[in-house]
Amino acid sequence: MPFKAPLSDFQFLLENIVGLDQLRATELFAETDRDMTEAILSEAGKLCAEVIAPGNRAGDEHHSVLENGRVRAAPGFAEAYRAIAEGGWVCVSAPVEHGGMGLPVALQTAINDMMSSANLSLQLNPLLSQGQIEALAAHASDELKALYLPKLISGEWSGTMNLTESGAGSDVGALATKAERNADGTYAITGQKIYITWGDCDFVGNVCHLVLARLPNGKPGTKGISLFMVPRDLPDENGAPGVANALKVVSIEHKLGIHGSPTCVMEFDGAKGWLVGEEHGGMAAMFTMMNNARLGVAAQGIGIAEAATQKAIEYALERKQGRVGGTGMIIEYPDVRRMLMTMKAETFAARAIALANAVAIDMSHATGDEEWTARAALLTPISKAHGTDTGHEVAQIGVQVHGGMGFIEETGAAQFARDVRVTQIYEGTNGIQAMDLVARKMMDGGAAAYALLDEVEAFAETARGTLPELAKPVFNAAENFREATEWLVEQEMQDRFAGCVAYLRAFARVLGAHYHLMAAMAEGGAGPRTKLARFFIKRILPEHESLIAQLRDGAEGLYAMSVEELEAV
């Protein structure tokens with residue numbers, strides 16, 4: 001069975017759960033009616049199923065390669081990318097004034113989810129362009145916007161993000177790449193960057209690198225970093241790619257997965273660049289791109305979870321083994337049903353969180369309301385970490401459903417498990433996302449979290465009359481988590497960090513249960529979504545209690561063993 005875009009899930013979530021109707025009530029998104037939404041999702045789903053997905057296996061088996069200093073893409077990728085670009089799918093949320101559609105980030109997130117299911121390696125290319133488009137639109141000069149945005153939005157050119165160095169991973173402030181002012185107002189960029197996704201490719205006219213570097217008078221750490229646009233080929237007086245810039249791909253990494261996506265080591269040797277934003281203000285501009293990518297990577301994890309679930313159900317329906325009733329297939333076994341229900345329930349919950357995050361971003365853009373901005377900020381680390389954790393865990397369950405055949409590459413189950421693993425590392429590891437949640441996102445004393453929990457509890461109260469057996473545990477879980485949050489904000493940072501991963505996961509459990517309960521109510525309390533909600537609330541939500549217990553244990557236990565004891569054989 002080929003990949004099939006879960007259009008009914010997207011439509012149901014957007015219309016009944018995450019509040020697309022709120023967007024339509026704003027001037028910015030007033031024209032995004034239901035018919036338009038359905039048409040866009042339908043066309044994107046068709047593209048993913050018929051054009052993008054067929055090349056996924058080829059990209060895994062026939063990697064991108066470096067030949068004569070240029071990256072050659074995997075078979076079929078160029079044709080699929082052209083279809084993405086020509087259809088306007090690179091960035092549907094891009095500004096209208098530069099050639100974009102100006103559609104909600106919520107629709108972009110749904111499309112990213114589908115494309116990731118179809119071919120994660122290829123989808124990484126437009127994802128990086130999306131982040132660069134947002135960063136340039138927010139921080140670049142009018143001249144840079146006029147030159148780069150139309151070409152990035154059309155897919156004629158593609159974008160990258162150059163942060164990481166061999167001596168500066170998550171600690172970006174330790175970077176060594178230098179920038180020096182040229183007499184003509186440009187800058188000479190010198191240094192090496194690693195892990196650069198789609199650092200080069202042969203199916204776009206130019207590759208546009210956003211590069212972090214330090215000027216001679218830049219302070220140590222992140223406060224002294226500036227951001228530069230450094231194109232592969234220098235645009236001529238007409239804006240067309242001209243002579244090659246002083247940069248090159250040194251090598252392509254050999255990776256666990258996403259083989260079709262070239263992860264490059266980039267060398268900049270006095271390459272010409274243009275300042276984006278203010279001098280020494282590079283991190284503020286780069287964070288715009290990073291936050292865009294964090295929600296995008298969340299969608300990647302969820303997309304892989306969707307693809308792995310479809311593959312597992314397909315196999316369970318055709319694999320006959322042992323003595324079992326009904327169809328005689330393994331889908332009749334209780335433990336197989338448990339795994340499949342877990343895959344579906346977890347994917348739905350993570351997708352709902354990500355789409356709610358996207359709607360909060362859209363509402364922030366449309367209204368300027370600080371509460372929506374705070375909610376978007378709060379949900380971003382949860383979406384990224386939980387969405388990608390879900391992708392990894394669901395893909396591993398998919399391998400288990402296949403049994404021994406899951407370990408055999410021909411089934412495709414193993415590729416999902418390999419490809420999705422990096423998403424837990426991308427754009428700040430999930431541990432860093434959790435640290436961000438309990439630190440920066442709690443600088444308001446937990447106000448944004450409490451506001452969200454108020455909504456969870458209010459809805460659970462409303463649902464008590466129809467689905468009391470589901471509403472009560474959701475309400476109680478929200479109360480438990482509120483008390484945990486009250487405890488958290490009173491703790492020293494080391495104790496917060498010690499329990500941050502457990503706190504984020506517990507938050508996701510409560511939110512997932514809330515969205516499942518909303519789905520059950522929207523369905524009228526009877527039907528497949530209600531059954532899935534009951535599974536999540538009864539079997540998965542209780543995990544929040546053990547996670548809260550981990551949170552409250554603090555940091556002392558983590559340091560109880562000395563380094564010598566840890567390394568003892």
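The shown structure was predicted, so the numbers you read here are calculated from the model rather than taken from an experiment. All residue numbers in this chain count up from 1 along the given sequence.
- With 3.5 Å as the limit, one finds no donor-acceptor pair spanning the side chains of N292 and Q130.
- Stacking of R82 on the aromatic ring of F203 is not recorded, the 6.0 Å distance cut-off and the 45° axial limit not both being met.
- Ionic pairing of R351 and D9 is present here: one or more N-O contacts between side-chain nitrogen and carboxylate oxygen are shorter than 4.0 angstrom.
- Closest non-hydrogen pair, M343 versus A308, comes out as CE-O, 3.5 Å.
- Looking at every heavy atom in both residues, F3 comes nearest to A49 through O-CB, 3.5 Å.
- A donor-acceptor pair under 3.5 Å links the side-chain atoms of R496 to the main chain of V438, judged by distance alone.
- Between I40 and L103, the shortest heavy-atom distance links the atoms CD1-CD1, 3.3 Å.
- One distance of note links CE of M435 with CZ of F497; it measures 4.0 Å at 0.5 Å rounding.
- T347 places no side-chain N or O within 3.5 Å of a backbone atom of K344 that could act as its donor or acceptor partner.
- Partner of V265 under the side chain to side chain contact (heavy atoms under 4.5 Å, CB included) criterion, out of I252, V249, I194: I194 alone.
- Side-chain atoms of Q300 and T423 form no donor-acceptor pair, as typed in the model, at a separation below 3.5 Å.
- Taking 4.0 Å as the cut-off between side-chain N and carboxylate O, K248 and D200 do not count as a salt-bridged pair.
- Here the closest heavy-atom approach between residue E410 and residue I408 is recorded as OE1-CG2, 2.9 Å.
- Side-chain atoms of K384 and N430 form a donor-acceptor pair, as typed in the model, at a separation below 3.5 Å.
- Judged purely by atom type and a 3.5 angstrom limit, D362 uses its side chain to pair as donor or acceptor with the backbone of V105.
- Side-chain contact check for T160 and H209: at least one donor-acceptor pair (N or O, by modelled atom type) lies under 3.5 Å.
- A donor-acceptor pair under 3.5 Å is absent between the side-chain atoms of H392 and the main chain of D389, judged by distance alone.
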* Mind running side-chain hydrogen bond (donor to acceptor under 3.5 Å, both in side chains) on T390 and E346 for me, showing each step along the way? => CA-CA 7 Å; T390 296; E346 292 277 42; 4.8 Å; no
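- Counting only distance, with no hydrogens or angles, the side chain of S64 and the backbone of G260 share a donor-acceptor pair below 3.5 Å.
- Of all heavy-atom pairs spanning G406 and A414, the tightest one is O-CB, 3.6 Å.
- Side-chain contact, Q108 with N112: a donor N or O sits under 3.5 Å from an acceptor N or O.
- For R375, the salt bridge (Lys or Arg N to Asp or Glu O under 4.0 Å) partners two or more places apart in sequence, or in a different chain, are E455.
- Judged as a salt bridge (Lys or Arg N to Asp or Glu O under 4.0 Å), and not counting sequence neighbours, the contacts of E165 are K193.
- The number of heavy-atom neighbours closer than 6.0 Å to CZ of R539, taken from other residues, nucleotides and ligands shown, is 12 or below.
- Counted within 6.0 Å of OH on Y426, heavy atoms from surrounding residues, nucleotides or ligands total more than 12; the atom is thus considered enclosed.
- Atom CD of Q400 has 12 or fewer neighbouring heavy atoms from other residues, nucleotides or ligands inside a 6.0 Å radius.
- Taking OG1 from T380 and CE from M290, the interatomic distance works out to 11.5 Å, rounded to the nearest 0.5 Å.
- Here E306 does not pair with K4 in a salt bridge; the nearest charged N to carboxylate O distance is not below 4.0 Å.
- Salt bridge status for E545 with R509: absent, with no side-chain N to carboxylate O gap under 4.0 Å.
- Between the side chains of Q415 and N56, at least one donor N or O sits under 3.5 Å from an acceptor N or O.
- Between H259 and H63, the two ring planes are parallel [angle under 30°; tilted spans 30° to 60°].
- Under a 3.5 Å cut-off, the side chain of Y315 and the backbone N or O of Q310 do not form any donor-acceptor pair.
- In terms of heavy-atom proximity, A135 sits nearest to L210 at CB-CD1, 4.2 Å.
- The backbone N or O of S121 lies less than 3.5 Å from a partner atom in the side chain of W198, making a donor-acceptor pair.
- F535 has its side chain within reach of I540: a pair of non-hydrogen atoms, C-beta onward, lies under 4.5 Å apart.
- A salt bridge between E393 and R505 is present, with a side-chain N of the basic residue lying under 4.0 Å from a carboxylate O of the acidic one.
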